[in-house]
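Below is one structure, written out as structure tokens, with a few remarks after it.
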Amino acid sequence: MAEEKLPTRSENYSEWYNQLIQRAEMADYAPVRGCMVVRPYGWALWENMQQNLDKRFKETGHVNAAFPLLIPKSFLEKEKEHVEGFAPELAIVTIGGGQELEEPLVIRPTSETVIGYMYSKWIKSYRDLPVLINQWANVVRWEMRTRLFLRTLEFYWQEGHTAHATQKEAEEETLRMLDVYADFAEKEAAVPVIRGRKSATERFAGAKETYSIEAMMGDTRALQAGTSHFLGQNFAKAFDIQYLDLNNQLQHVWTTSWGLSTRFVGAIIMAHGDDQGLVLPPRLAPYQVVLIPIYKNDEERSKVMPVVEKLKAELSGFRLKVDDRSEVTPGFKFNDWELRGVPLRIEVGPKDVEKGTFAMARRDIPGRDGKSFVPQVNAARTVGDMLDQIQTGIFQKAVDFRKAHVFDPKSYDELKEVLQGGWAYSWWCGDAACEAKVKEDTKATTRNIPLDQEGGSGKCIVCGKPASEKVYFARAY
RNA sequence: CGGGGUGUAGCGCAGUUGGCAGCGCACCGCGUUUGGGACGCGGGGGUCGGCGGUUCAAGUCCGCCCACCCCGACCA
């Protein structure tokens, strides 16, 4: 429980982040370095995200399945770039049942390979296509530096894997799922994102093209919040996934993969959180409303509780928590639930019982400004409207924040300067050497080349050569 | 793997020239409290990271090892 104030974001952003997660009981450190335990409150948020995404996947024709955690090491080696990309971060099992294994097994860092293997068994004809499968799973990547939610050795995610008859279909799928992520991020999580294409250096190991959604965090650093890959025929060739087309010709399929992980929880924390703690989007928050009864003695209690019960029944359509703990004071509860980011707080005390009102405090507007006293009648309508306002309010706030921290530098020196406290949106010639120079000078990398460009052309911000696209540069998590 | 740092109660820390292992918070009990982080009284809780050495005596001195954290090279 929170007994002291959180460090402020300006004081020490990463301390703010770490402590907040632990105090809000989102997650805790596990005994193994770099691993975390997602606690019930954090998992409840993830479950809401899962449900919402899952529904969107089903709506776009996908089905769920489960593939194994252990993958023969040789599988990873079949796609050249894939091995090179993942080799350094593999966890490998060499002993099973007390015996050295003939072939080491890797704990999946991602499942393109096993799934490719299975697809080659399942896909024989154009009639079998497309295959649109998703799985919810955990994966392991042996990272050097870890952060709760943002980068842990083990993390939870979903990975969609699809196979198509044509390149065009696969490319459309890749972008369709990117749009699903973007829509989810903005509508549900209230996190504004940039949809774009990754540079070759930032591309997924084994992909032809990687697309991402990029979000700005409260310290202006960028977070890759979801990715969608067009894999071309790379994995189809490596795993021999072939089908007979209408003309009885053997063809390799075209595949895609796309994933969104528990890292997104970190995005929600850092996009909306303030110095009081979490600010959770109403559409995903484990509790949308917390109701706090207030009384001094049994007599007051007996008057207040019936109203609490009545409101609870009336608000049964919302995820509501009645905090009737007697061992802590209301003031403590206010702070506690603010820390935990519950979008809306309702207080019912003796004065409210008399007047037929309740107090309502919105989490996104701290202090008196966010507090109002409203009649108990039509409570469901009042609360629903307020939650909608909060949802759009925090989205707008995040949009405004991003707008205030994206710059269009006029020179390389200015680029270096703006990257200290924001993103640069600049012309880039596409040369990896220019990217590398920026990284060297500022630690910022290219985030993505937005799909929505104004067009035209300009000069590369780094080398001055002609450029036909603009890219976002930012320091990233 | 390089550079820096820290290991003492669940968490945060103090512990002097080597001499009874402590403080705050959290936790448990009782009572008073309760509209913005309540208070009093009484409790429980320790292989001082590990192993070895010096010493009558080691949290403290010496050696080795281990773990974790921060900064760099890799990343959803």
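These numbers come from the heavy atoms of this one structure, side chains and all, not from hydrogens, waters or symmetry mates. Note on naming: letters A, B, ... go to the chains in the order of the sequence lines (proteins, then strands), and numbering restarts at 1 for each one. Every value quoted in this text rests on a predicted model; they were computed, and no experiment measured them.
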Derivation of the side chain to side chain donor-acceptor pair (under 3.5 Å) call for T8(A) and D275(A) | CA-CA 5 Å; T8(A) 62; D275(A) 289 342; 4.8 Å; no

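- Residue-level contact check: R345(A) touches the bases, meaning some heavy atom is under 4.0 Å from a base atom.
- Between K443(A) and G72(B), a side-chain N or O to OP1/OP2 separation shorter than 4.0 Å is present.
- Comparing the C1' positions of U33(B) and C39(B) gives a spacing of 7 Å, expressed to the nearest Å.
- Salt bridge absent: R141(A) and E154(A) never bring a charged side-chain N and a carboxylate O closer than 4.0 Å.
- With both pairing distances under 3.5 Å, G45(B) is matched to nothing as a Watson-Crick or G-U wobble pair.
- One can place CD of E327(A) at 13 Å from P of A26(B), the figure rounded to the nearest angstrom.
- Comparing the P positions of G3(B) and C51(B) gives an interatomic distance of 28 Å, to the nearest angstrom.
- Heavy atoms of G259(A) sit nowhere under 4.0 angstrom from any nucleic acid atom.
- Distance, E338(A) CD to G36(B) P: 12 Å, rounded to whole Å.
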Output a table of donor-acceptor pairs, distance under 3.5 Å, between side-chain atoms of residues 194-202 of chain A and any protein atom two or more places apart or on a different chain; print 'none' if there are none.
{"residue": "R195(A)", "atom": "NH1", "partner": "D179(A)", "partner atom": "OD1", "Å": "2.4"}
{"residue": "R195(A)", "atom": "NH2", "partner": "D452(A)", "partner atom": "OD1", "Å": "3.0"}
{"residue": "R195(A)", "atom": "NH2", "partner": "D452(A)", "partner atom": "OD2", "Å": "3.1"}
{"residue": "R197(A)", "atom": "NH1", "partner": "E469(A)", "partner atom": "OE2", "Å": "3.0"}
{"residue": "R197(A)", "atom": "NH2", "partner": "E469(A)", "partner atom": "OE1", "Å": "3.0"}
{"residue": "K198(A)", "atom": "NZ", "partner": "E214(A)", "partner atom": "OE2", "Å": "2.7"}
{"residue": "K198(A)", "atom": "NZ", "partner": "Q224(A)", "partner atom": "OE1", "Å": "2.7"}
{"residue": "K198(A)", "atom": "NZ", "partner": "R447(A)", "partner atom": "O", "Å": "2.9"}
{"residue": "S199(A)", "atom": "OG", "partner": "T201(A)", "partner atom": "OG1", "Å": "3.0"}
{"residue": "S199(A)", "atom": "OG", "partner": "E202(A)", "partner atom": "N", "Å": "3.4"}
{"residue": "S199(A)", "atom": "OG", "partner": "E435(A)", "partner atom": "OE2", "Å": "2.5"}
{"residue": "S199(A)", "atom": "OG", "partner": "T446(A)", "partner atom": "OG1", "Å": "3.3"}
{"residue": "T201(A)", "atom": "OG1", "partner": "E435(A)", "partner atom": "OE1", "Å": "2.6"}
{"residue": "T201(A)", "atom": "OG1", "partner": "E435(A)", "partner atom": "OE2", "Å": "2.8"}

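- Under a 4.0 Å N-O distance rule, the pair E347(A)/K371(A) qualifies as a salt bridge.
- For U32(B), the paired base is A38(B) (Watson-Crick or G-U wobble, both distances below 3.5 Å).
- Separating the NZ atom of K198(A) from the P atom of A76(B) is a distance of 8 Å, rounded to the nearest angstrom.
- Nucleotides G49(B) and C11(B) place their P atoms 13 Å apart, quoted to the nearest Å.
- Every residue meeting the side-chain contact (heavy atoms from CB on, under 4.5 Å) condition with Q276(A), not counting sequence neighbours, appears here in chain and number order: D274(A), R363(A).
- In this entry G63(B) has C51(B) as its Watson-Crick or G-U wobble partner, both defining distances falling under 3.5 Å.
- For the side-chain contact (heavy atoms from CB on, under 4.5 Å) test, residues two or more places apart in sequence or in another chain that qualify with E84(A) are K80(A).
- At a threshold of 4.0 angstrom between heavy atoms, the contacts of L150(A) include nucleobase atoms, whether or not backbone atoms are also involved.
- If you check G37(B), C74(B), G35(B) against the side chain of E347(A), the one that comes closest is G35(B).
- Here T146(A) lies out of heavy-atom contact (under 4.0 Å) with every strand.
- Using the Watson-Crick or G-U wobble rule with both distances under 3.5 Å, G72(B) pairs with C1(B).
- A gap of 26 Å separates the P atoms of G24(B) and G35(B), to the nearest Å.
- Across all strands shown, the partner of C13(B) is G22(B), judged by Watson-Crick or G-U wobble contacts whose two distances both fall under 3.5 Å.
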Which donor-acceptor pairs under 3.5 Å do the side chains of residues 36-46 of chain A make with protein atoms, sequence neighbours left out?
{"residue": "Y41(A)", "atom": "OH", "partner": "R340(A)", "partner atom": "O", "Å": "2.7"}
{"residue": "W43(A)", "atom": "NE1", "partner": "E47(A)", "partner atom": "OE2", "Å": "3.4"}

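- As rounded to the nearest Å, C48(B) and G7(B) have P atoms that lie 15 Å from one another.
- With a 3.5 Å ceiling on both atom-pair distances, A57(B) lacks any Watson-Crick or G-U wobble partner.
- When each of F67(A), F235(A), F239(A), F86(A) is checked for a ring-ring contact (aromatic ring centres under 6.0 Å, His included) with F75(A), only F239(A) meets the rule.
- Nearest-nucleotide assignment on RNA chain B puts the 5′-proximal partner with Y29(A), out of Y29(A) and M144(A).
- When the C1' atom is used for both C1(B) and A73(B), the distance is 9 Å, rounded to whole Å.
- Taking the side chain of P330(A) as heavy atoms from C-beta on, and the options A73(B), A76(B), U34(B), the nearest nucleotide is U34(B).
- A straight line from CD of Q22(A) to P of A26(B) spans 18 Å, rounded to a whole angstrom.
- D336(A) and R325(A) are joined by a salt bridge, as a carboxylate oxygen and a charged side-chain nitrogen come within less than 4.0 angstrom of each other.
- Once the 5.5 Å centre distance and the 30° plane angle are applied, the aromatic ring of F155(A) is found stacked with the base of A76(B).
- Distances shown here put every side-chain N or O of T329(A) at or beyond 4.0 Å from the OP1 or OP2 atom of G37(B).
- Within 4.0 Å (heavy atoms only), Q224(A) reaches sugar-phosphate atoms of the nucleic acid but no base atom.
- Nucleotides C68(B) and U8(B) have their P atoms positioned 14 Å apart, rounded to a whole Å.
- The CD-C1' distance, from E300(A) to G35(B), rounds to 10 Å in whole Å.
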Side-chain donor-acceptor contacts of residues 284-295 of chain A below 3.5 Å, not counting sequence neighbours, with atom names and distances?
{"residue": "Q288(A)", "atom": "OE1", "partner": "R319(A)", "partner atom": "N", "Å": "2.8"}
{"residue": "Q288(A)", "atom": "NE2", "partner": "P282(A)", "partner atom": "O", "Å": "3.0"}
{"residue": "Y295(A)", "atom": "OH", "partner": "R301(A)", "partner atom": "NE", "Å": "3.3"}

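- If you take CH2 of W136(A) and C1' of A76(B), they are 14 Å apart, rounded to a whole angstrom.
- Of the residues in residues 351-365 of chain A, those placing a heavy atom less than 4.0 Å from an atom of RNA chain B are K351(A), D352(A), A359(A), in numerical order.
- Atom name P, nucleotides U47(B) and G22(B): the rounded distance is 15 Å, in whole Å.
- Atom OH in Y13(A) sits about 17 Å away from atom P in C70(B), given to the nearest Å.
- At C74(B), none of the side-chain N or O atoms of R145(A) fall inside 4.0 Å of OP1 or OP2 (strictly under the cut-off).
- When the P atom of A76(B) is taken as reference, atom CE of M177(A) falls 19 Å away, rounded to whole Å.
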